[in-house]
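Values below: all heavy atoms of this structure, side chains included; hydrogens, waters and symmetry mates excluded. Quick caveat: nothing in here was measured; it's all calculated off a predicted structure. Proteins get letters first, then strands, A, B, ... in listed order; numbering begins at 1 in each.
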Amino acid sequence: FTLDEGLSRAVAQVFIHLYDKGLIYRGHRIVNWCPSCKTSLSDDELEWNETEGSLWYIKYKIKGEDEYLTVATTRPETVLGDTAIAVNPKDPRHKKWIGRTALLPILEREIPVIADPHIDPEFGTGIMKVTPAHDANDFEIGRRHDLPELNILNIDGTLNEHAGKYKGLDRFEARKQLLEDLQKKSQLDKTEKYHLVLGTCYRCDTIIEPYLSDQWFVKMSELAKPAIEAVNSGKIQFHPSYWSKTYLHWMDNIRDWCISRQLWWGHRIPVWYAPDGKMFVSVDRPTAAECPGYDPAALVQDEDVLDTWFSSWLWPFSTFGWPDKTPELDKFYPTKVLVTASEIIFLWVARMVMAGYEFMGAAPFSDVYIHGTVRDERGIKMSKSLGNGIDPLEITEKFGADTLRISLTLATPDGQDPCIGRNTFEVGRNFVNKLYQVSRFVMMRLDGRTPVVDTIDRTDLVIFDRWILSRLTQTITDVDTALTEYRLSAASKILYNFVWEDFCSWYVELIKPDQPGAVIRAGSLNVATYVLDKILKLLHPFVPFVTEEIYLQLTADMPGAPETITFGPWPKADSSLLNPSLEADLKQIQEVVTAVRSIRSELNVPPGKKSDLHVRVKDEILGELLRNHVEYFRSLARVEKLVCGAEVKKPPMSASAVISGAEIFIPLASLIDLEVEKGRLQKELNNLRDLLEKLSRKLANPDFLAHAPEDIISKERAKKEDYEERIEKLNRNLEQILGW
RNA sequence: GGGCGGUUAGCUCAGCUGGUUAGAGCAUCUGCCUUACACGCAGAGGGUCACUAGUUCGAAUCUAGUACCGCCCACCA
């Protein structure tokens, strides 16, 4: 907590360090002042109300001429605090007046006519009055041109001695009288209705007044240098990297930091004032020796407190006891990753980097991960004030903490903001349930056998076992890559797909024995358990509670198992398990199974009814693959009898499908609907013909053949051959049907 | 006004260095209470990749501009 004693001392020390170095100074700044509450307000404490106001056009006489410059203002009483008239240097209408002297109406004070690019020639008359003490923007102009900052207000909103005859009047009464006087002197050119937005005090509704006050500042340009260099050189990296642009743009244009706040809660500014105004900078009340010639008891500490970020920017080291050299500081500074939101890149991140270099001599971290900000379904950032948020506790209550976590991870585009609604969380809820169910299945099918999760018996593997191990290996590699690149959502999606598709939909279904309740082959069960263990560990960062629970159940009877999943090692990719050609073989089996399912579904074959499967293969390797493993996919494809080989003939009255490298026939006699089957084949035929046409055009283009790389051309040629082959087969099958 | 993102199926998003029949989940439609899961299984439909111009043999992917959405910062005499 930054208001704890140790951290408070660090804050004061830092103030003194910067003050002694000449980097902290006292200056003027425009604040929002409430004349009723007699306090300054932060921008956040203002309420902005749209009102119908007026735009008054006031004439200023040019000294020594019979000419007038007319300016438009919404606050005529500030005329009394004007210290210049300004025009745009490029404005041809008013160029000739630059450098001349104008006379303030009523008070007849002399003020210069200056040129400043800020003035918009399109607004009003293109001439602006400059009131440095009562407008933030005019203040900036005043600084640029070294204008006097003339304060005309008292703290209660009445006018002070600089207001001449209007002294003592309330600002609005003064406005009224001034306008009347101008009218009388014909110096009020005209009045227009004007729509404006007025800042008011959130407590008392009083219109706030921009007010010049004494504030403390930190000079930033020197502090910024090493912090800019750190990001430019890559010593500090943002993830995603484009956030470094935001950081650098701000740092390159950095302005001095106003660190004093007129609040009651915060670190008090460590400055003490003697009755005569003499200043002492000190953590505690100065001792007699520290303020020679003054009575320490008579010193008064500055009433203001420090900006909250003035303590937060020290956080990476103040939390470890700095400025003392503690073992914690030694061990934990610098750290590696800072995780935060983009909206505080300036407020916090940039300042921590600057403080790190200034006080520790090194950057506080090497990587800054910027996470997304939740938005609602319309894309608007969720916030308390808009009331468009979803309460995370409500989601946790309903679906569980893991669901909240994995759902947000899955839904958040890497580096961007997720738009979420209530059903965003169903995805995660379903997934966590799926994980739990499949785990339950594996554990049930242990049938009393002790699970083995650390090793696999490589002499006892079937093709599907080796396949899932290869897929697992690839998955671990992909997840590691994604995490290394700080792509959390990508990592979670890789795992989601692996678990749901590869593991649940294919592997577990393939190793299920054909007979209900039959014991699963020991080798496959070993692999299933082994893979499940790795899944739990890979998913643990995303689904912490459920993976822990399952892990403890799975390893309950396992001698020497860690007492928590977090003590287990992160899975390593074992490249000897990777087998791309095997994955390609499996893909073919999957395609056959999918084609069969598709035929059956489209022809409305009752799920309970099994059917024979005839496969004419182009290559006997596939035939063998199918024959040898039919027992595994028999139930997936509802196969009664399998006939496959290069010479297989199409059985009469059978439905067909053509995939790359094979033709599939299912004899369906009574079940087949001629029209439906014709439609199916025709549709596929049309699809392939379109593709072939496009491809043929491409391959007939001499420019393509001349410029495209060889491997692309041969790939396209192979594709063409495949299309032609499939079209021919489809044609034959279609002709046969037409002959029925 | 400045800076930075985004725009791909009805919705939420993948698509990394240009060559895939542009993918997934939700939603929709069809059929299923099939040995863990109906929070499920299988199948299907659905996209001129915001628009315009350019670079290229080839653009969802690169460049420029336009429009719209959003975030941060500044400002509105």
Side-chain angles (χ1 to χ4, degrees), chain A residues 55 71-75 78 86 118-120 123-125 127-131 135-138 196-197 240 242-243 245-246 249-250 253 342-346 373 375 377-381 399 403 410-421 423-424 426-445 481 485 487 489-490 493 496-497 500-501 504-505 508-509 512-518 594 597-602 604-608 635-636 638 687-688 690-691 694-695 698 701-709 711-713 715-716 719 723:
Chain A
L55 196 56
V71 306
T73 179
T74 56
R75 292 187 297 150
T78 61
H118 170 80
I119 283 78
D120 176 6
F123 189 91
T125 58
I127 307 173
M128 195 176 107
K129 60 194 268 322
V130 186
T131 323
D135 183 283
N137 202 29
D138 292 16
L196 75 168
V197 184
Y242 57 73
W243 286 113
K245 290 190 227 169
T246 301
H249 184 260
W250 188 74
N253 298 291
S342 60
E343 67 206 56
I344 54 176
I345 287 176
F346 311 137
T373 304
R375 302 193 199 173
E377 282 160 312
R378 293 162 305 158
I380 312 289
K381 183 176 156 179
F399 293 137
T403 287
L410 286 166
T412 305
D414 280 312
Q416 277 160 228
D417 298 344
C419 299
I420 62 175
N423 54 10
T424 299
E426 282 172 21
V427 176
R429 188 267 317 258
N430 295 353
F431 179 63
V432 173
N433 178 251
K434 187 75 178 177
L435 175 69
Y436 185 74
Q437 293 299 341
V438 78
S439 304
R440 211 163 59 90
F441 175 77
V442 171
M443 288 187 281
M444 255 164 56
R445 293 310 194 93
T481 304
E485 293 171 353
R487 302 178 65 194
S489 190
K493 279 172 187 160
Y496 180 99
N497 288 328
W500 207 304
E501 283 304 309
C504 291
S505 291
V508 167
E509 292 303 328
K512 266 184 193 173
D514 210 22
Q515 292 308 310
T594 304
R597 284 168 168 173
S598 180
I599 293 172
R600 293 174 52 98
S601 178
E602 285 186 36
N604 283 317
V605 179
S635 63
L636 295 191
R638 327 263 352 142
N687 177 29
L688 282 170
D690 285 351
L691 290 172
K694 267 190 250 170
L695 197 53
K698 194 175 193 177
N701 181 352
D703 286 333
F704 173 70
L705 297 173
H707 294 277
D711 60 317
I712 295 291
I713 296 176
K715 223 167 95 186
E716 298 292 60
K719 239 191 306 187
Y723 290 165

Quiz prompt | Sugar-phosphate only, base, or nothing, as touched by A:P606 at under 4.0 Å among non-hydrogen atoms | solution = nothing
Exercise. Give the nucleotide from the list B:G70, B:C72, B:A77 with an atom nearest to the side chain of A:F346.
Key: B:C72
Quiz item: Quick one: the side chain of A:R638 and the base of B:U34, do they pair up donor-acceptor inside 3.5 Å?
Solution: no
Quiz prompt | Heavy atoms from other residues, nucleotides or ligands near OH of A:Y436 exceed 12 (cutoff 6.0 Å) | solution = no
Quiz item: Side chain of A:K719: nearest nucleotide among B:A14, B:U35, B:U20?
Solution: B:U20
Quiz item: Got a salt bridge between A:R75 and A:D135, using NZ or NE/NH1/NH2 to carboxylate O under 4.0 Å?
Solution: yes
Quiz item: How is A:V427 classified with respect to the nucleic acid when contacts are heavy atoms under 4.0 Å: base, sugar-phosphate, or nothing?
Solution: sugar-phosphate
Self-check item: All side-chain contact (heavy atoms from CB on, under 4.5 Å) counterparts of A:R375, not counting sequence neighbours
Solution: A:D417, A:C419
Practice problem: Check whether any side-chain heavy atom of A:E485 lies under 4.5 Å from a side-chain heavy atom of A:D414, and answer yes or no. | Solution: no
Quiz item: Hey, does A:K694 reach any base, or is it just sugar-phosphate, or nothing, if we go heavy atoms under 4.0 Å?
Solution: nothing
Self-check item: Selected nucleotide, minimal atom distance to A:I380 side chain, candidates B:C57, B:A36, B:G70
Solution: B:G70
Practice problem: Evaluate the side-chain proximity of A:I345 to A:W250: yes if any heavy-atom separation is below 4.5 Å, no if none is. | Solution: no
Exercise. Would you kindly compare A:N423 and A:S598 by the position of their nearest RNA chain B nucleotide and give the one closer to the 5′ end?
Key: A:N423
Quiz item: At under 4.0 Å between heavy atoms, what does A:P709 touch on the DNA or RNA strands: base, sugar-phosphate, or nothing?
Solution: base
Quiz item: With sugar-phosphate meaning primed atoms plus P, OP1 and OP2, does A:N253 contact a base, only sugar-phosphate, or nothing at under 4.0 Å between heavy atoms?
Solution: nothing
Practice problem: Give A:T594 one of three labels, base, sugar-phosphate or nothing, depending on what nucleic acid heavy atoms sit under 4.0 Å from its own. | Solution: sugar-phosphate
Quiz item: Does B:A77 have A:F123 stacked on its base, where the ring centres are within less than 5.5 Å and the planes differ by under 30°?
Solution: yes
Exercise. Determine whether any donor atom in the side chain of A:E509 lies under 3.5 Å from an acceptor atom in the base of B:A42, or the reverse, and answer yes or no.
Key: no
Quiz item: Using atom P of each nucleotide, how far apart are B:C41 and B:A22 to the nearest Å?
Solution: 26 Å
Quiz prompt | Nearest to side-chain heavy atoms of A:Y496, which nucleotide of B:G25, B:G19, B:A42 | solution = B:G25
Practice problem: Please measure how far the P atom in B:C11 lies from the corresponding atom in B:C49, and state the result in whole Å. | Solution: 16 Å
Quiz item: To the side chain of A:Q416, which of B:G5, B:U12, B:G3 is closest?
Solution: B:G5
Practice problem: Specify the residue among A:M444 and A:H249 whose closest nucleotide of RNA chain B lies further upstream toward the 5′ end. | Solution: A:H249
Exercise. Have a look at A:D138 and say if it touches a base, only the backbone sugar-phosphate, or nothing, with a 4.0 Å heavy-atom cut-off.
Key: nothing
Quiz prompt | B:U61 to B:U56 separation - C1' atoms, rounded to the nearest Å | solution = 13 Å
Practice problem: Check the side chains of A:K512 and A:S635 for a donor-acceptor pair under 3.5 angstrom, ignoring hydrogens and angles. | Solution: no
Exercise. Kindly point out which of B:C13, B:A77, B:A24 is positioned nearest to the side chain of A:T73?
Key: B:A77
Quiz prompt | Minimum-distance nucleotide to A:D120 side chain [options: B:U35, B:A77, B:A44] | solution = B:A77
Quiz item: Would you call A:K694-A:E716 a salt bridge at under 4.0 Å N-O?
Solution: no
Quiz item: Looking for any heavy atom pair under 4.0 Å, which part of the strands does A:K245 touch: base, sugar-phosphate only, or nothing?
Solution: sugar-phosphate
Quiz item: Between B:C4, B:C57, B:A77, which one does the side chain of A:T246 approach most closely?
Solution: B:C4
Exercise. Would you sketch RNA chain B in dot-bracket for me? Only Watson-Crick or G-U wobble pairs with both distances under 3.5 Å count, crossing pairs as [ ], other-strand pairs as |, the rest as dots.
Key: (((((((..((((.....[...)))).(((((.......))))).....(((((..]....))))))))))))....
Exercise. Return yes if a side-chain donor-acceptor contact under 3.5 Å exists between A:E602 and A:S598, otherwise no.
Key: yes
Quiz prompt | Nearest to side-chain heavy atoms of A:H707, which nucleotide of B:A42, B:G15, B:C57 | solution = B:C57
Practice problem: Look at the side chain of A:K381 and the base of B:C71, then say whether one donor and one acceptor between them are separated by less than 3.5 Å. | Solution: no
Exercise. Output the single nucleotide from B:C75, B:A42, B:G19 whose closest atom is nearest the side chain of A:K698.
Key: B:G19
Between the protein and nucleotides 27-30 of chain B, list the N/O to N/O atom pairs that are separated by less than 3.5 angstrom.
none

Practice problem: Name the nucleic acid region contacted by A:R429, choosing base, sugar-phosphate or nothing; use a 4.0 angstrom heavy-atom cut-off, strictly under. | Solution: base
Quiz item: Which is true for A:T74 with a 4.0 Å heavy-atom rule: it touches a base, it touches only sugar-phosphate, or it touches nothing?
Solution: sugar-phosphate
Practice problem: Write down the distance separating the P atoms in B:C16 and B:A60, rounded off to the nearest Å. | Solution: 13 Å
